[in-house]
Protein chains: 2
Amino acid sequence: MNSKEKILTAAIILFAQKGYSGLSMRQLALSVDLSVAAIYHHFPDKNALYLEAVRFSFSDKEQVFDQVWNSDCSAKEKLHGFIRSLIDVMLNDQNFHRLMQREILEANPERMQLLAKGVFHSQFCLLMQLMAELAPKQDAHLFATSAIGLAKYYIEYQPLLKNLPGWKLEHEIPEFMASHITSLLLNSF
Amino acid sequence: MNSKEKILTAAIILFAQKGYSGLSMRQLALSVDLSVAAIYHHFPDKNALYLEAVRFSFSDKEQVFDQVWNSDCSAKEKLHGFIRSLIDVMLNDQNFHRLMQREILEANPERMQLLAKGVFHSQFCLLMQLMAELAPKQDAHLFATSAIGLAKYYIEYQPLLKNLPGWKLEHEIPEFMASHITSLLLNSF
DNA sequence: GTCTATATGGCGATAGAC
DNA sequence: GTCTATCGCCATATAGAC
């Protein structure tokens with residue numbers, strides 16, 4: 001792995017943990033055992049480095065879902081598979097997930113457009129198609145977002161929900177949550 | 001309004017916008033027309049100021065929902081009323097909502113406990129009670145969180161969802177979204 | 001309770017040697 | 001491509017006068 005990739009890999013982790021203004025170039029340099037000046041050789045400034053780190057972190061997520069779409073399961077099973085994959089991706093790559101959370105919090109219009117077109121578009125279309133197949137008379141966009149929203153919520157809010165009454169151990173088991181979300185959607189069609 | 005309240009009120013807005021490390025004491029002092037030293041007279045350090053601002057912003061949210069619980073509507077109407085109120089609170093007080101998002105992102109265990117016990121506990125119990133009434137055989141916690149999660153998602157992700165195919169104008173109308181969420185839940189019971 | 005002045009250190013970024 | 005050294009600025013926080 002060359003220096004540029006090493007810097008980007010570390011930047012993803014540290015930006016996800018500390019946020020943009022929370023991470024200094026000095027800290028980043030220290031963590032990759034380079035000088036600050038060496039980082040500035042590879043990136044024009046801090047903002048460009050951040051944007052490239054976000055893109056880098058998003059670059060390998062597409063293919064995870066392809067095996068769901070390419071399987072010969074039923075539509076219902078595909079919905080379950082997609083939701084399960086979504087949960088797994090977010091749990092397995094917490095840095096990606098936290099970077100996403102920070103981007104959403106920022107809600108910069110141009111960056112939202114970039115994310116939508118460049119990262120989520122094709123997967124979202126496939127999900128909408130699946131929803132249209134399962135419930136032709138419903139608003140596919142609405143139900144696609146409901147699926148994603150529920151999956152994201154259970155992961156992001158787990159640290160809070162654990163402290164509220166009624167919480168059960170099974171609420172943090174991916175397969176259990178995927179099944180709950182899937183049946184919630186299927187029953188409402 | 002005294003200086004301390006003035007500082008807290010401004011801090012809520014600015015911390016919500018810029019985050020903890022994104023807001024400097026200089027900026028805050030400037031925005032309330034005081035010196036930095038004056039702020040340090042009222043708060044021991046920046047972190048204490050932040051925590052107090054978070055508490056201050058959370059302090060007036062409880063009562064919004066009381067008129068829902070105290071109304072003589074049916075259980076189904078109460079569910080709709082709660083979800084609608086939740087959406088309204090988040091839309092009307094974006095600073096509160098953004099501070100919440102930042103707290104969730106941080107996911108500090110002690111602070112999550114504080115939020116759960118001190119802020120959300122009683123409302124969450126009332127919602128669970130309602131869920132238990134509507135669907136006695138279901139997991140009330142699971143469905144209560146589903147309601148909250150869906151409401152939160154539609155608001156937080158609107159800037160992104162607008163850029164994805166299938167988005168419609170009605171998706172940003174509070175009443176429309178509240179009805180969608182309510183019927184999604186009710187149909188799945 | 002608020003000010004001015006200042007201590008002390010970290011910040012992003014650059015110059016220039018190797 | 002990486003380094004050391006440094007610039008200029010802004011950060012948090014404090015001292016002491018009023």
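Convention: sequence-line order gives letters A, B, ...; per-chain numbering from 1. Every value quoted in this text rests on a predicted model; they were computed, and no experiment measured them.
- Note: NZ (A:Lys4) to P (D:dT2) measures 12 Å, nearest angstrom.
- Between B:Arg26 and D:dC10 there is no side-chain polar atom (N or O) within less than 4.0 angstrom of OP1 or OP2.
- Picking from D:dC3, C:dT14, D:dA13 the nucleotide with the shortest atom distance to the side chain of B:Tyr40 gives D:dA13.
- One atom, CD of A:Glu5, and another, C1' of D:dG1, lie 16 Å apart when rounded to the nearest Å.
- Heavy-atom distances to DNA chain C give each of A:Met25 and A:Ala37 a nearest nucleotide, and the one nearer the 5′ end belongs to A:Met25.
- Checking D:dT12, D:dA11, C:dT14 against the side-chain heavy atoms of B:Gln27 singles out D:dA11 as nearest.
- One interatomic measurement links the two molecules: CG of B:Asp33 to C1' of C:dT2, which rounds to 12 Å at whole-angstrom precision.
- Of the candidate nucleotides D:dC3, D:dT2, C:dT2, D:dT2 has the atom nearest to the side chain of A:His42.
- For C:dT4, neither phosphate oxygen OP1 nor OP2 lies less than 4.0 angstrom from any side-chain nitrogen or oxygen of B:Ser35.
- Atom CG of B:Leu30 and atom P of D:dT12 are 13 Å apart (whole Å).
- Of all heavy-atom pairs between B:Tyr153 and A:Thr145, the closest is CE2-O, 3.2 Å.
- For B:Ala38, whose side chain is taken as the heavy atoms from C-beta onward, the closest listed nucleotide among C:dG1, C:dC3, C:dT14 is C:dC3.
- Minimum atom distance to the side chain of B:Ser24 is reached by D:dT12, of the listed D:dT2, C:dC3, D:dT12.
- For A:Ser3, taking side-chain heavy atoms from C-beta onward, the closest of the listed nucleotides D:dT2, C:dA15, D:dA15 is D:dT2.
- Counting only heavy atoms from C-beta outward, the side chains of A:Ser146 and A:Leu185 approach each other to under 4.5 Å.
- Separating the CG atom of A:Leu28 from the P atom of C:dG12 is a distance of 10 Å, rounded to the nearest angstrom.
- Ring to ring, A:His180 and B:Phe143 are close: their centroids are under 6.0 angstrom apart.
- Contact annotation for A:Leu23: backbone-only contact, meaning every heavy-atom pair under 4.0 Å involves sugar-phosphate atoms and none involves a base.
- In this structure, the side chain of A:Arg102 engages the main chain of A:Ala16 through a donor-acceptor pair within 3.5 Å.
- In this structure, the side chains of B:Phe124 and B:Met128 come closer than 4.5 Å at one or more pairs of heavy atoms.
- Projected onto DNA chain D by closest heavy-atom contact, B:Val36 and A:Val36 fall at different nucleotides, the more 5' of which corresponds to A:Val36.
- With rounding to whole Å, A:Asn47 atom CG is found 12 Å from C:dG12 atom C1'.
- Rounding to whole angstrom units, NZ of residue A:Lys18 and C1' of C:dG10 are separated by 13 Å.
- Whole-Å rounding puts the A:Leu34 CG to D:dG1 P distance at 12 Å.
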